Amino acid sequence: MSDGLAIEASGLVKEFGDTRAVDGVDLAVRPGTVYGILGPNGAGKTTTIKMLATLLRPDGGSARVLGHDVVAEADAVRSGVSLTGQLASVDEDLTGQENLILIGRLLGYSRSAARSRAADLLDAFGLADAAGRQVKNYSGGMRRRLDIAASIVVTPRLIFLDEPTTGLDPRSRSQVWDIVRALVGDGTTVLLCTQYLDEADQLAEGIAVIDSGRVIAEGTPAQLKASVGSGALRVRLLDPDRREDAARVLAERLGVEVVREADPAALSAPAADGARAAAAVAALADAGAEVADFALGQPSLDEVFMALTGHPAESGAPDGLADREEAA
Amino acid sequence: MTAAETAAARRDEPELGEGVHAVLATGERPPRPSALTMALTFGWRGLLKIKHVPEQLLDVTVTPVMFVLMFTYLFGGAIAGSTGAYLQFILPGILVMSVLFTTVYSGVTLNTDVTKGVVDRFRSLPIWSPAPLVGALLGDAARYLVAGLVIVVLGLILGYRPDAGPAGVVAAIALVVVFAFALSWAFTTLGLVMRAPNAVMNTGFMLLFPLTFLSNAFVEPSTLPAALEWFVGVNPISHVITAARGLMEGGATGGEIGLVLAEAAALTAIFAPLTTHLYRRA
């Protein structure tokens, strides 16, 4: 069964003190695909990736990456994978060019070969103009692109991307998505951690939803969305005090359970039928709850979580902070 | 936005994917380099950091320069009868102090790497695992050299005269750099245990400050109360200062130098494996 899988994990466990950051994760990722790990902050995504990338030793279970055991054959795993960590894993004091030459030299390129490889990569990632600038002066998007470039100095068979678009503006985000598509188009397997359902939906062939260190759902994006209904109506009110009234109206009109989102003025509800949703929005105004804006679209991660776990995705500290605290 | 810039921006986006395909197709893995190449590459990284952030060098040299000036002109007359005689006595001590203070930064730098995330990249590469540490300390040795030279040059300007000549000075600096290299392993251990670069810096100086002052750098130990004199006698930093002084003025014994080298070896034997172990799990 292990034949041909790029990642095969069974029962992975990692404990930090009393906390089980990862509590029995199973994964099976086919080579040449993008696989998404979707979950809220502190769900255990980063810890899982770190175990698969040989940075953390599992406390239980086992994992094989590219056919090699992550503990017993860590070096063989490292020879085939690259990691783009959540905190951009580049040296901020050095220039973009120096960062890439550094990695090139460490992987065995000669001085001149490392230099020319760095130039090619900077070109390909639209960073040629910034080659000589210190990375601390890069924008978030540039830093992220450099980070991914550093991961493909030698073309990896598998790349781990940990929340590659968190904090990026929409344009940089779509650039990163282009890069991910290019990677997988060339046969590289991508394991993508993300908090964004639309990101997983755009890129991934399979998704595991994790919460509190466990996989709570697994499937294709379509299957996951089907599990929460095909679409959702999101409404933001002018006056948060009218939210309860508005929730009652929506529940009556749509005949579904209405979710009170973290934003005190926002509501959402599953809505498959656009006409019916529009009518419900119109009814809100009649009931005196003025609508600031509304949208009909894919279910949000909040809704997926609500549907799968019965509790909202916890927000708060960015995932990096939470996971770093676990790691400390 | 000018028309050219708009065109450039438009060109940028669709080509990103194409360019990436091209570099992916040409990224075949070269043969694995030797451990030495890897360590030297990390050493090069350390030198680049000095080039890009020269302030860090300033930080570590300003204090000792201040000490040379303050101690010589403030206390020189009172302690040694004349500023010239006191400078002659304290300069080797301040040389040692200046270089050893610099070692704290090895721990600070490593801690910064861990907190910023770049260590994750290094640890996921198929490289000899102590290479980032050994290399960083090799790069730091360049910093120790600069810190040492600053003090010697300042001393010469103020009138310090090493009786053993240039060869003695070179030997003294070399010995201090060797000891500093060994001591910096203690601070890299600290750098991996503590949670923030500033904490490393504070703790490092809290340890190093009393140790350098409770030595024979500034006063003759024979003038001290018995308990303190005993401590100064066993303090390894006193041993380094004695040897450095001997080398610069002539008359250093093989025993004095051997003791420093043995202490350096002991520090390395304890803290290098400890640092490596902690780094693997950082």
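Here the structure is a predicted model, which means the values were calculated and not measured. Just so it is clear: chains get the letters A, B, ... in the order the sequence lines come, proteins before strands, and each one is counted from 1.
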Visitor: Given a strict heavy-atom distance threshold of 4.5 Å, which part of B:V23 is in contact with chain A: side chain, backbone, both, or neither?
Guide: both

Visitor: So for B:T26, is it side chain, backbone, both, or neither that comes closer than 4.5 Å to the heavy atoms of chain A?
Guide: both

Visitor: Mind ranking B:S124, B:S34, B:A25, B:S129 by heavy-atom pairs under 4.5 Å with chain A and telling me who comes out on top?
Guide: B:S124

Visitor: Measuring heavy-atom distances to chain B, does A:S82 have an atom under 4.5 Å in its side chain, in its backbone, in both, or in neither?
Guide: neither

Visitor: Heavy-atom pairs under 4.5 Å with chain B - which of A:R105, A:R57, A:R117 has more of them than the others?
Guide: A:R117

Visitor: Against chain B, label A:V77 side chain, backbone, both or neither, depending on which of its atoms sit under 4.5 Å from a heavy atom there.
Guide: neither

Visitor: Does this structure show an ion pair linking A:D186 with A:R181, if we count only N-O contacts that are shorter than 4.0 Å?
Guide: no

Visitor: Could you have a look at A:D120, A:L102, A:D75, A:I152 and say which one has the most heavy-atom pairs with chain B under 4.5 angstrom?
Guide: A:L102

Visitor: Does any backbone or side-chain atom of A:I103 lie under 4.5 Å from a heavy atom of chain B? Answer side chain, backbone, both or neither.
Guide: side chain

Visitor: Where on B:W128 is there a heavy atom nearer than 4.5 Å to chain A: the side chain, the backbone, both, or neither?
Guide: neither

Visitor: Measure the acute angle between the ring planes of B:F101 and B:F209, then classify it against the limits of 30° and 60° as parallel, tilted or perpendicular.
Guide: parallel

Visitor: Is it true that A:R64 and A:E8 have a side-chain N and a carboxylate O under 4.0 angstrom from each other?
Guide: no

Visitor: To the closest 0.5 Å, what do you measure between OG1 (B:T115) and CG (B:D113)?
Guide: 8.0 Å

Visitor: Under a 4.5 Å heavy-atom cut-off, does chain B meet the side chain of A:E98, its backbone, both or neither?
Guide: both

Visitor: Cut-off 3.5 Å, side chains only: do A:E199 and A:T194 have a donor facing an acceptor?
Guide: yes

Visitor: In terms of heavy-atom proximity below 4.5 Å to chain B, should A:A113 be classed as side chain, backbone, both, or neither?
Guide: neither

Visitor: Can a salt bridge be assigned to the pair A:D162 and A:K45 using a cut-off of 4.0 Å between side-chain N and carboxylate O?
Guide: no

Visitor: Please state whether the side chain, the backbone, both or neither of A:D93 comes within less than 4.5 Å of a heavy atom of chain B.
Guide: both

Visitor: Do B:D140 and B:S106 have side-chain N/O donor and acceptor atoms under 3.5 Å apart?
Guide: yes

Visitor: Hey, is the main chain of A:P164 close enough, under 3.5 Å, to the side chain of A:R144 for a donor-acceptor pair?
Guide: yes

Visitor: For the interface with chain B, which of A:I148, A:L94, A:T188 has the highest count of heavy-atom pairs at distances below 4.5 Å?
Guide: A:L94

Visitor: Counting only heavy atoms closer than 4.5 Å, note whether A:S110 contacts chain B via side chain, backbone, both or neither.
Guide: neither

Visitor: Rounded at 0.5 Å granularity, tell me how far CG in A:L127 sits from CG in A:N99.
Guide: 11.0 Å

Visitor: Pick one of side chain, backbone, both or neither for B:T41, based on which atoms fall under 4.5 Å of a heavy atom in chain A.
Guide: both

Visitor: Between A:K50 and B:D120, is there a side-chain N and carboxylate O pair less than 4.0 Å apart?
Guide: yes

